[in-house]
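Worksheet: one structure, shown below.
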Amino acid sequence: MRLALPLRRAPSALRLHLSALPNPSPRVLPSPSPTFPTMPKRKRTTTAAAITTGQTVASAIPTEDAVAAATAAVLALSDPVAGFPGSPRHVSGRTHNVTTTYADEPSSPLSELEDELPAPKKRTPRKRAKRPAAAAESALTEDGEGSPAKQKRTTRKKATEPVVYDIPPVERKETKFTGRLGYACLNTILRATKPEPIFCSRTCRLETIRKNGIEFAKELGLKNARDLKEMIEWNEKNRIRFFRVSSEMFPFASHKVHGYDLEYAREELKGAGDLAKRYGHRLTTHPGQFTQLASPKDDVVTASVRELEYHCQMMRYMGLDQDSVIIIHMGGVYGDKETTLARFRENYHTRLTDEMKARVVLENDEICYNPDDLLPVCDELGIPMVLDYHHNWIYPSKHELPELLPLVAAGWARKGIRQKQHLSEPRPGAETVMEKRAHADRCVTLPEELVGADVDLMIEAKDKEQAVFHLYRIYALEEVIHENLRPEKPPKPFVRGKDRAPAKGGENGEGLDGDGEDEAEAVEGTPRKRAKARAKASAKGEAEAAEVEGDTAMKEEDADGKPMRKSKPKIRRTATNVVAGTDTPASPSSPMTPRRVSTTPRRPRRSKAEGAAEELVNQEDDPEPVDGARAGEVEAEEHPEVVEEAKEGGGGAETVEEEARTCRGAGEVEAGCR
């Protein structure tokens, strides 16, 4: 009975073979009868373990009894032994493909069946398409094992062709001037560099400093100083060896509360200065008209002295010589020009250090102080005067240029400093004084009286280095790299009368900035930002015009011919014609279309302080806030003493508008600003 169940489980071939064995003579087994080892359901028997591990099983299989040997072998089939596909148990990985050997064991009848049993079918994987040999080799790692390495998915970059600009020829002219030409503060090509633009006038609002700490402003200063080296390198490659450093190099460095020393940036400044000296470049600065040493307000004068100290420290750490001057204006007249000039003399003697006196020079302006007003003061105090040809054209000296130039040059020679002059041209179409102040994009003519190589000429134009290249080509002063040339944009017309943009400085804001530019042109940042600002202003104007047309269309005339306002039709308040979250009905022309409500917060209008600050910023200084603020907002916070006095009109500082009214008469100013 004990053999019946295992034999029933054995394969049919095995049963046939066992039945063919000779029937031995019956034997009487001793009592108690020997029992065959049984194994638990999930444990391996000693016999099976011995078979699978190759150990001697002579003690488990009696050699003299063939039946007992066959029975023991059948019992071993109940264990998961490799090679028997009919095994009732799952073949484990440990016994898979294990060759069973028997040491010192006679051949068993089952050993003859191992070759006759059918071999288990192997699953053949699907054949994949063969890759090219080059791709297969590149997928293998270099460890020699041939294991394929994971390939990163890379996006194929679109091949962008270089932009080819159409540069028209220029009309050639001749000049006897052989000096250096320079530009101010910003390089338009480097400013458009991607992904990281290169410029040295990064700044930010005071609120940004309060949130991030003064270290944020200091880090901007370091970035500006590093980029200054890049700009000097670019200038050398393009044969421009005269450059004005932006006064916004270190934001809020001269502030009364948040000001800081430049010792932390000494290494970066020294690197820029050493590079400029190695190439023989001249670097100068021109603080804005916030620097007013002749102001009757003591806090304004104190702030001006701090500004001069900041610029002197910057040049000191750069190691620049006496040719690196600081250009300032006299400022406003404050009701009495002679009293103001006397106040300047006193503050120059008592408030300025020797280092400041060695670098400060005065420039004639186009509103209040022409060369005839400044030359006596410059001769008395030993201050050189920077002659601005554009300003002298608007507010001219009594001397003609052939007589004026030697008088100006004498002041520079007395102090041993190389002479410096400014050249700019008015925008085409300018008529009034305020419009003539605005600089054109480029200059096309050098003064005929300008002769020799002992003068450095600063080109104050909107196109910056392109304006220098333009004069290089016209007068054949230097060779230019054609790839760095850009075409000139068409001039922007002035907007006058009813079409002028609304006032920017609050109730009394002006339609023009200090440089005579309209609101769309005064937007800071890249050309894309300015284009967006102009588009936004245009859309706003169209919306206002449409609103006026709608109001006009709703008017009718009654029987007496008098205009009568047409009442709006009542609209049933439903879920489809009411704006979500409001009780505003939709437009009568489209009752099923809800009114579009903008969720973007409207930018606040410019304050009087911001408008006053923009008038006091130099046209070519180009401050660029990195936090999205307007330049006027930043300057109003950086120079609060001067801006507050200009805003209040308390006599502490004057805006360009007030200067023009006092010095040139209200008629020209009204025509230029209204």
Side-chain angles (χ1 to χ4, degrees), residues 160-170 172 175 177-202 222-246 249 267-285 314-315 318-321 323-324 418 420 423 441-443 446 453 455-489 526-527 620 622 624:
T160 57
E161 298 181 358
V163 180
V164 179
Y165 296 96
D166 183 16
I167 308 298
V170 296
R172 294 299 184 121
T175 182
F177 171 71
T178 57
R180 295 181 294 189
L181 300 183
Y183 65 98
C185 303
L186 185 71
N187 185 301
T188 61
I189 294 180
L190 296 181
R191 181 63 182 86
T193 303
K194 293 181 179 180
E196 187 68 25
I198 300 174
F199 63 106
C200 58
S201 57
R202 297 173 181 85
L222 289 177
K223 181 61 177 174
N224 290 336
R226 298 187 190 105
D227 282 3
L228 178 59
K229 293 181 61 177
E230 299 291 333
M231 299 176 74
I232 294 173
E233 288 282 3
W234 191 94
N235 290 341
E236 173 64 21
K237 294 177 182 178
N238 290 271
R239 301 176 178 85
I240 301 177
R241 299 175 177 88
F242 184 29
F243 182 68
R244 178 190 298 172
V245 179
S246 174
M249 277 275 290
E267 182 179 352
E268 286 76 10
L269 290 174
K270 184 179 183 301
D274 291 345
L275 189 63
K277 289 185 293 184
R278 177 153 60 96
Y279 290 145
H281 290 197
R282 184 181 185 182
L283 304 180
T284 61
T285 60
M314 183 166 56
M315 292 184 169
M318 294 175 72
L320 304 178
D321 58 13
D323 287 344
S324 297
R418 182 180 175 86
K420 177 184 189 293
L423 178 67
D441 292 341
R442 302 185 184 185
C443 299
L446 292 176
V455 176
D456 291 332
L457 190 62
M458 177 63 63
I459 307 301
E460 296 184 321
K462 298 298 181 183
D463 277 352
K464 306 296 183 179
E465 80 290 341
Q466 297 299 320
V468 176
F469 290 157
H470 196 63
L471 290 173
Y472 278 179
R473 297 174 64 208
I474 292 176
Y475 291 97
L477 297 175
E478 294 283 356
E479 294 182 1
V480 297
I481 302 175
H482 190 271
E483 290 76 10
N484 290 335
L485 295 179
R486 299 293 182 268
E488 185 177 4
K489 299 177 182 178
T526 60
E620 306 305 330
D622 298 299
E624 297 198 23

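It should be emphasised that the depicted structure is a prediction, and the values quoted were computed from it without experimental measurement.
Distance check, rounded to the nearest 0.5 Å: CG of Leu485 to CD of Glu465 gives 10.0 Å. One distance of note links CG of Leu228 with CG of Leu275; it measures 8.5 Å at 0.5 Å rounding. Put simply, CG on Asn187 and CD1 on Ile232 are 12.0 Å apart, with the number rounded to the nearest 0.5 Å. To the nearest 0.5 Å, atoms CG (Asn224) and CZ (Phe199) are separated by 7.0 Å. How far CE of Met231 is from CG of Leu190: 6.0 Å, rounded to the nearest 0.5 Å. In this structure, CZ in Arg226 is found 11.0 Å from CG in Leu269, a value given to the nearest 0.5 Å.
Of all non-hydrogen atoms in Lys489 and Asp441, the two that sit nearest each other are O-OD2, 4.2 Å. The two atoms that bring Met458 and Thr284 nearest to each other are CE-OG1, 4.4 Å, heavy atoms only. In this structure, Ala476 and Arg172 approach most closely via the heavy-atom pair CB-NH1, 3.7 Å. When every heavy atom of Cys200 is checked against every heavy atom of Cys185, the shortest pair comes out as SG-O, 3.9 Å. Scanning all heavy atoms of the two residues, the minimum distance from Pro487 to Tyr165 falls at CD-CD2, 3.5 Å.
Listed for the Tyr472 side chain is a donor-acceptor partner under 3.5 Å among the backbone atoms of Arg239. Listed for the Ser324 side chain is a donor-acceptor partner under 3.5 Å among the backbone atoms of Leu283. Here the side chain of Arg282 pairs no donor or acceptor atom with the backbone of Arg180 at under 3.5 angstrom. Judged by distance alone, with hydrogens and angles left aside, the side-chain atoms of Asp321 form a donor-acceptor pair with the main-chain N or O of Asp323 at under 3.5 Å.
In this structure, Lys464 and Arg191 have side chains that are not in contact, with every pair of non-hydrogen atoms separated by 4.5 Å or more. With contacts defined as side-chain heavy-atom distances shorter than 4.5 Å, the pair Leu186/Glu624 qualifies. Residues Leu181 and Glu478 are not in side-chain contact: their nearest non-hydrogen atoms beyond the backbone lie 4.5 Å or more apart. A heavy-atom distance below 4.5 Å is not found between the side chains of Arg486 and Thr188.
Contacts of Lys277 classified as side-chain hydrogen bond (donor to acceptor under 3.5 Å, both in side chains), with partners at least two apart in sequence or in another chain: none.
The number of heavy atoms from other shown groups lying within 6.0 Å of CD (Glu267) does not exceed 12.
A cation-pi contact, defined as under 6.0 Å to the ring centre and within 45° of the axis, is absent between Arg473 and Phe469.
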Determine, stepwise, if the pair Leu457 / Leu446 fulfils side chain to side chain contact (heavy atoms under 4.5 Å, CB included).
CA-CA 10 Å; Leu457 190 62; Leu446 292 176; 3.7 Å; yes
Candidate pair Ile459 and His470, rule side chain to side chain contact (heavy atoms under 4.5 Å, CB included), full reasoning
CA-CA 11 Å; Ile459 307 301; His470 196 63; over 6 Å; no
Intermediate values then yes/no, side chain to side chain contact (heavy atoms under 4.5 Å, CB included), Trp234 and Ile198
CA-CA 11 Å; Trp234 191 94; Ile198 300 174; over 6 Å; no
Assess the residue pair Asn484 and Lys237 against the criterion (side chain to side chain contact (heavy atoms under 4.5 Å, CB included)); give the C-alpha distance rounded to whole Å, side-chain angles, the decisive distance to 0.1 Å, and a yes or no.
CA-CA 11 Å; Asn484 290 335; Lys237 294 177 182 178; over 6 Å; no
Working note: Tyr183 + Gln466, criterion side chain to side chain donor-acceptor pair (under 3.5 Å); need CA distance, chi angles, decisive distance, verdict.
CA-CA 9 Å; Tyr183 65 98; Gln466 297 299 320; over 6 Å; no
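One finds a salt bridge joining Lys223 and Asp227 here, because a Lys/Arg side-chain nitrogen approaches an Asp/Glu carboxylate oxygen to under 4.0 Å. Ion pairing between Arg442 and Asp463 holds under the 4.0 Å rule for side-chain N and carboxylate O. A salt bridge links Arg241 with Glu236: the closest approach of a Lys/Arg side-chain nitrogen to an acidic carboxylate oxygen falls below 4.0 angstrom.
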